[in-house]
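Read through the structure below, which is laid out as structure tokens, and then see the notes.
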Amino acid sequence: QVQLVESGGGVVQPGGSLQLSCTASGFTLDYYTIGWFHQAPGKKREGVSCISDSDGRTYYAESVKGRFTISRDNAQNTVYLQMNSLKPEDTAVYYCARYITGNYFRAGPMREYEWPRWGPGTQVTVSS
């Protein structure tokens with residue numbers, strides 16, 4: 001059974017940092033591109049970043065470039081999202097997701113319909 005579970009969310013002040021984790025089970029993690037999305041209240045879900053299956057290629061949305069870093073540890077079945085210099089507009093539920101097909105990576109805007117497997121999400125709140 002394919003499962004993705006996010007952790008690491010919380011409340012942080014502007015300028016602070018958080019590291020999110022996405023732990024996978026039920027499939028071979030190093031065969032799939034994994035991505036992070038966020039959804040703010042009243043807004044649609046948007047792609048934030050993704051990382052390729054085995055060679056570490058990455059993509060970042062313009063809104064997080066230079067502040068967020070995605071990484072993966074296939075041996076631990078985990079993908080991370082290090083979020084620095086957080087802003088109030090980063091407040092959202094953060095989801096990790098598995099790309100629709102294995103052994104494929106595209107560095108570009110993340111279209112939600114290409115990511116059929118999702119975790120339940122973790123809340124990130126940036127507030128003073």
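Position 1 is the first residue of the sequence; numbering continues from there. Predicted model, so just to flag it, every value in this text is computed and none were measured.
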Checklist entry - Partners of Asn84 by side chain to side chain donor-acceptor pair (under 3.5 Å), sequence neighbours excluded? => result Ser17, Gln82
Checklist entry - Given side chains that start at C-beta, do those of Gln123 and Thr91 come closer than 4.5 Å, heavy atoms only? => result yes
Item to check | Trp118 side chain reached by Leu4 side chain, heavy atoms, under 4.5 Å | outcome: no
Checklist entry - Pick one: which of Arg45, Lys44, Arg117 meets salt bridge (charged side-chain N to carboxylate O under 4.0 Å, His left out) with Glu112? => result Arg45
Checklist entry - Quick one: CG on Asn74 to OH on Tyr32, what's the gap to the nearest 0.5 Å? => result 13.5 Å
Next on the checklist: I'd like to know if the side chain of Tyr60 and the backbone of Ile70 have a donor-acceptor N/O pair within less than 3.5 Å.
Outcome noted: yes
Item to check | Path from Val124 to Ile34 over hydrophobic side-chain contacts below 4.5 Å | outcome: yes
Item to check | Test item: Met83 and Leu20 side chains (from C-beta on) under 4.5 Å apart, heavy atoms | outcome: yes
Next on the checklist: I'd like to check Ile51 versus Arg57 (side-chain heavy atoms, cut-off strictly below 4.5 Å). Are they in contact?
Outcome noted: no
Next on the checklist: Quick check on the 6.0 Å ring-centre criterion: do Trp36 and Phe68 meet it?
Outcome noted: no
Next on the checklist: Please determine whether residues Val64 and Leu86 belong to a single hydrophobic cluster, defined as Ile, Leu, Val, Met, Phe, Trp and Tyr linked transitively by side-chain heavy-atom distances below 4.5 Å.
Outcome noted: yes
Next on the checklist: Using 30° and 60° as the class boundaries, would you call the ring planes of Tyr99 and Tyr104 parallel, tilted or perpendicular?
Outcome noted: parallel
Checklist entry - Shared ILVMFWY cluster between Ile100 and Val2, side chains joined below 4.5 angstrom? => result no
Checklist outcome for this item: Quick note, salt bridge (Lys or Arg N to Asp or Glu O under 4.0 Å) partners involving residues 78-93, not counting sequence neighbours, are Arg67-Asp90
Checklist outcome for this item: Looking only at heavy atoms, the pair that brings Cys50 and Trp115 closest together is CB-CH2, 3.8 Å
Checklist entry - Would you say the side-chain atoms of Gln39 pair up with the backbone N or O of Val93, donor to acceptor, closer than 3.5 Å? => result no
Checklist outcome for this item: Separation between CG (Asp30) and CG (Asn103), nearest 0.5 Å, reads 10.0 Å
Checklist entry - Looking at Ala61 and Gly47, what are the two nearest heavy atoms and their distance? => result CB-O, 3.6 Å
Next on the checklist: Is there a side-chain contact between Tyr95 and Val48 in this structure, where contact means two heavy atoms from C-beta onward sitting under 4.5 Å apart?
Outcome noted: no
Checklist outcome for this item: Heavy-atom nearest pair, Pro14 first then Ser127, reads CD-C, 3.6 Å
Checklist entry - Hey, mind stepping through Glu114 and Arg106 against salt bridge (charged side-chain N to carboxylate O under 4.0 Å, His left out) and telling me if it holds? => result CA-CA 11 Å; Glu114 293 179 325; Arg106 181 180 60 82; 3.1 Å; yes
Checklist outcome for this item: Note: Val79 and Arg72 closest approach over all heavy atoms is CG2-CB, 3.8 Å
Item to check | Residue pair Ser49 / Leu81, side-chain heavy-atom distance below 4.5 Å | outcome: yes
Checklist entry - Counting only N and O atoms by type, is there a donor-acceptor contact under 3.5 Å from the side chain of Arg98 to the main-chain atoms of Leu29? => result no
Checklist entry - If you group Ile, Leu, Val, Met, Phe, Trp and Tyr by side-chain heavy-atom gaps below 4.5 Å, do Met110 and Phe105 land in one group? => result yes
Next on the checklist: Please tell me whether Leu18 and Tyr94 are part of a single hydrophobic cluster in this structure, the criterion being side-chain heavy atoms less than 4.5 Å apart.
Outcome noted: yes
Item to check | Short side-chain to backbone donor-acceptor contact, Thr78 and Gln76, under 3.5 Å | outcome: yes
